[in-house]
**Student:** 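Below you will find the structure I want to go over with you.
Here is how names work: the chains are called A, B, and so on, in the same order as the sequence lines, proteins then strands, and each is numbered from 1.
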Number of protein chains: 2
Amino acid sequence: MNTKDRVLMASLKFFLIQGYENTTLSMIADEVNIKKPSIYYHFKSKEDLLFNSIYFIINNLEEKINHSVTKFVSPKDQLQSFFECALDFNTNLSIMIGNDFNHPINFITIFQLYSNRFNALSEKIDTYYKNISTILEEIIDTGQKNGLIKGSIDKNIAVLDIISRVEGLIAISTLYKSVDMKNKRNQLYENLWLSLSSEKPQSKTKKFFEYKNIGLGRKW
Amino acid sequence: MNTKDRVLMASLKFFLIQGYENTTLSMIADEVNIKKPSIYYHFKSKEDLLFNSIYFIINNLEEKINHSVTKFVSPKDQLQSFFECALDFNTNLSIMIGNDFNHPINFITIFQLYSNRFNALSEKIDTYYKNISTILEEIIDTGQKNGLIKGSIDKNIAVLDIISRVEGLIAISTLYKSVDMKNKRNQLYENLWLSLSSEKPQSKTKKFFEYKNIGLGRKW
DNA sequence: GTCTATACGGAGATAGAC
DNA sequence: GTCTATCTCCGTATAGAC
């Protein structure tokens with residue numbers, strides 16, 4: 001990695017862990033083993049570092065999510081892949097910047113706080129949401145055509161529902177500390193899929209009757 | 001309102017709108033029409049103002065949510081009341097501090113950023129989540145006993161699911177700007193209720209058959 | 001490209017009068 | 001309780017040598 005990239009990565013690390021204002025250029029310089037004024041050769045100001053840090057996060061996130069979906073063909077797998085990719089992104093980012101997990105990060109916070117400072121960023125974030133909305137709509141669409149997802153589902157609402165669940169889980173995983181989210185993820189995804197799936201829920205105790213039920217319904 | 005409260009409210013306003021570090025004691029003093037050193041008569045430091053601001057928010061939130069649930073008896077109404085109260089809290093807070101809505105706020109951000117600085121606060125937030133979890137569990141429990149909510153629902157998971165949806169909606173309402181959340185709230189709540197409700201979904205076109213279906217199922 | 005030296009401003013906080 | 005005056009520190013940023 002060249003100096004410029006190392007400076008950017010160090011900035012990203014500090015901004016995410018301790019916030020923009022609590023990070024000084026001296027800290028960044030020390031981390032990269034250069035002197036403070038050298039930073040100005042690569043970036044024109046501290047705010048320029050902030051801009052590029054946030055830009056880096058969104059690009060990375062967008063890329064990973066796009067990639068996660070193309071790995072599968074069935075709507076259920078695609079949706080699960082999206083769900084896990086989005087939830088893992090925060091953890092992966094933490095590992096990438098070399099965070100020691102004593103200070104849990106939440107990349108959405110930095111969006112909330114600073115994206116409004118730069119029009120380019122708040123537009124980019126809006127575009128990101130539009131993109132993942134399109135991806136999710138297509139997944140639902142395919143699922144509906146294949147009969148795997150209820151035809152009655154309103155795509156727009158379902159998309160918002162999915163995105164909000166994912167964002168919400170990221171948020172509470174750093175705030176609601178006495179709950180271990182890792183163990184509940186699969187069940188939360190299953191809940192999500194159940195709300196879309198056109199299959200009748202087959203609770204174990206009632207399987208027999210439920211099945212009959214459907215059979216008779218079709219007959220009539 | 002006495003000077004102390006006015007200082008606290010002004011701090012809260014600035015902290016929420018522009019963040020803690022971007023707020024100076026001079027700004028707060030100007031807003032209250034006093035001089036900077038007078039603040040130190042009421043609060044021992046800037047950080048003390050932060051602590052009290054966050055404490056105020058959690059207390060207020062907890063109180064409003066507790067109250068919202070007691071206004072209703074049926075699980076469906078209680079849940080809807082909870083849902084709306086949580087979503088409205090951010091807006092109401094914005095109005096309370098006299099925000100002009102040019103700078104959308106998100107009270108969860110301030111939790112994410114600063115609660116870890118004070119053990120008392122991160123414990124209080126955890127307690128808050130435990131409390132609303134208990135409230136939601138009781139609602140689901142009543143619903144299951146009355147037969148309104150599916151008996152097969154895992155309460156723990158359902159509670160996390162509800163909380164994450166609410167938090168997620170608050171988050172994306174400030175980031176995903178090209179979507180108007182207000183118009184979709186009812187549908188999002190209906191989705192939530194449908195995922196819990198023990199009633200068969202009655203899509204309008206299939207109502208007749210669905211009804212027969214249930215009838216026959218019972219007979220058998 | 002990276003450095004040393006330094007300018008400049010503004011932040012939080014205190015002393016002590018009224 | 002609130003003020004004026006002031007302290008001290010440390011931040012970003014620049015000038016200019018190597």
Side-chain angles (χ1 to χ4, degrees), chain A residues 1-56 97 103 105 109-110 113-121, chain B residues 1-57 97 103 109-110 113-121:
Chain A
M1 251 203 307
N2 58 28
T3 309
K4 185 172 182 176
D5 288 341
R6 281 163 58 224
V7 170
L8 184 61
M9 284 303 108
S11 309
L12 184 61
K13 172 177 176 170
F14 286 122
F15 294 164
L16 281 169
I17 295 174
Q18 57 193 11
Y20 175 68
E21 288 85 1
N22 296 319
T23 302
T24 68
L25 295 177
S26 306
M27 292 173 187
I28 296 169
D30 284 352
E31 179 84 4
V32 186
N33 276 316
I34 57 172
K35 299 295 170 187
K36 202 164 55 165
S38 303
I39 296 173
Y40 286 89
Y41 177 78
H42 303 286
F43 297 92
K44 73 172 197 288
S45 67
K46 189 187 178 189
E47 215 173 39
D48 191 23
L49 278 170
L50 177 63
F51 180 89
N52 281 285
S53 296
I54 301 182
Y55 209 87
F56 176 88
I97 61 176
H103 304 277
I105 63 166
T109 311
I110 207 175
L113 277 175
Y114 304 112
S115 59
N116 284 327
R117 279 202 198 179
F118 313 98
N119 278 334
L121 284 182
Chain B
M1 246 199 317
N2 59 28
T3 309
K4 185 172 181 176
D5 288 341
R6 281 163 58 226
V7 170
L8 184 60
M9 285 301 111
S11 309
L12 185 61
K13 172 178 177 170
F14 287 122
F15 294 164
L16 281 169
I17 295 175
Q18 56 194 14
Y20 175 68
E21 286 86 1
N22 296 316
T23 301
T24 68
L25 295 176
S26 307
M27 292 173 188
I28 297 169
D30 284 353
E31 179 84 4
V32 186
N33 276 318
I34 58 172
K35 299 295 172 187
K36 200 163 60 165
S38 303
I39 295 174
Y40 285 90
Y41 177 79
H42 303 286
F43 298 91
K44 73 172 195 290
S45 65
K46 191 188 176 188
E47 214 173 41
D48 190 24
L49 278 170
L50 178 62
F51 180 89
N52 281 285
S53 296
I54 302 182
Y55 209 87
F56 176 88
I57 298 176
I97 61 176
H103 305 277
T109 309
I110 207 175
L113 279 174
Y114 306 113
S115 59
N116 283 329
R117 280 202 199 179
F118 313 99
N119 278 334
L121 284 182

**Student:** Between P on D/dG11 and CD1 on A/Ile28, what's the gap in Å once rounded to a whole number?
**Tutor:**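 Going from CD1 in A/Ile28 over to P in D/dG11 covers 12 Å.
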
**Student:** Touch check for A/Ser38, heavy atoms < 4.0 angstrom, all strands: base, sugar-phosphate only, or nothing?
**Tutor:** base

**Student:** Ignoring backbone atoms, establish whether A/Thr3 has a side-chain N or O less than 4.0 Å from OP1 or OP2 of C/dT2.
**Tutor:** yes

**Student:** Heavy atoms from C-beta onward define the side chain here; which of C/dT4, C/dA15, D/dT2 lies closest to that of B/Pro37?
**Tutor:** C/dA15

**Student:** At less than 4.0 Å, is any side-chain N or O atom of A/Tyr41 found next to OP1 or OP2 of C/dT2? Yes or no.
**Tutor:** no

**Student:** Side chain of B/Leu25: nearest nucleotide among D/dA13, C/dG12, C/dT2?
**Tutor:**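 My answer, after comparing the listed nucleotides, is C/dG12.
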
**Student:** In whole angstrom, what separates B/His42's NE2 from C/dA13's C1'?
**Tutor:** 16 Å

**Student:** Once you round it to whole Å, what is the distance between P of D/dC10 and NZ of A/Lys36?
**Tutor:** 11 Å

**Student:** Nearest to the side chain of B/Lys35 - C/dT14, D/dT12, D/dC3?
**Tutor:**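 For the B/Lys35 side chain, the nearest candidate turns out to be D/dC3.
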
**Student:** C/dA17 P sits how many Å from B/Tyr40 OH, rounded?
**Tutor:** 21 Å

**Student:** Can you confirm whether A/Tyr55 is buried at OH, in the sense that more than 12 heavy atoms of other residues, nucleotides or ligands lie under 6.0 Å from that atom?
**Tutor:** no

**Student:** Does any non-hydrogen side-chain atom of A/Leu49 lie less than 4.5 Å from one of A/Phe15?
**Tutor:**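 A/Phe15 vs A/Leu49: side chains touch.
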
**Student:** What integer distance in Å separates B/Leu49:CG from C/dG12:P?
**Tutor:** 10 Å

**Student:** Contact between A/Ile110 and A/Ile105 at the side-chain level, heavy atoms closer than 4.5 Å - yes or no?
**Tutor:** no

**Student:** For B/Phe43 and C/dG12, give me the distance from atom CZ to atom P, rounded to whole Å.
**Tutor:** 15 Å

**Student:** Over how many whole Å does the gap from A/Asn33 atom CG to C/dC3 atom C1' extend?
**Tutor:** 14 Å

**Student:** Is any side-chain heavy atom of B/Asp48 less than 4.5 Å from a side-chain heavy atom of B/Asn52?
**Tutor:** yes

**Student:** When you get a sec, tell me which of D/dT2, C/dG12, D/dT12 is the closest nucleotide to the side chain of A/Lys46?
**Tutor:**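 Closest nucleotide to the A/Lys46 side chain: D/dT12.
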
**Student:** Closer to the 5' end of DNA chain D via nearest nucleotide, is it A/Lys44 or A/Met27?
**Tutor:** A/Met27

**Student:** If you draw a 6.0 Å radius around CZ in A/Phe51, do more than 12 non-hydrogen atoms from other residues or ligands fall strictly inside?
**Tutor:**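 Yes - once you tally the heavy atoms of other residues, nucleotides and ligands closer than 6.0 Å, there are more than 12.
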
**Student:** Which nucleotide in the list C/dG1, D/dT14, D/dC3 gets nearest to the side chain of B/Ile34?
**Tutor:** D/dC3

**Student:** In whole Å, what is the span from the CG atom of A/Asn2 to the C1' atom of C/dT2?
**Tutor:**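 Whole-Å distance recorded here is 15 Å.
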
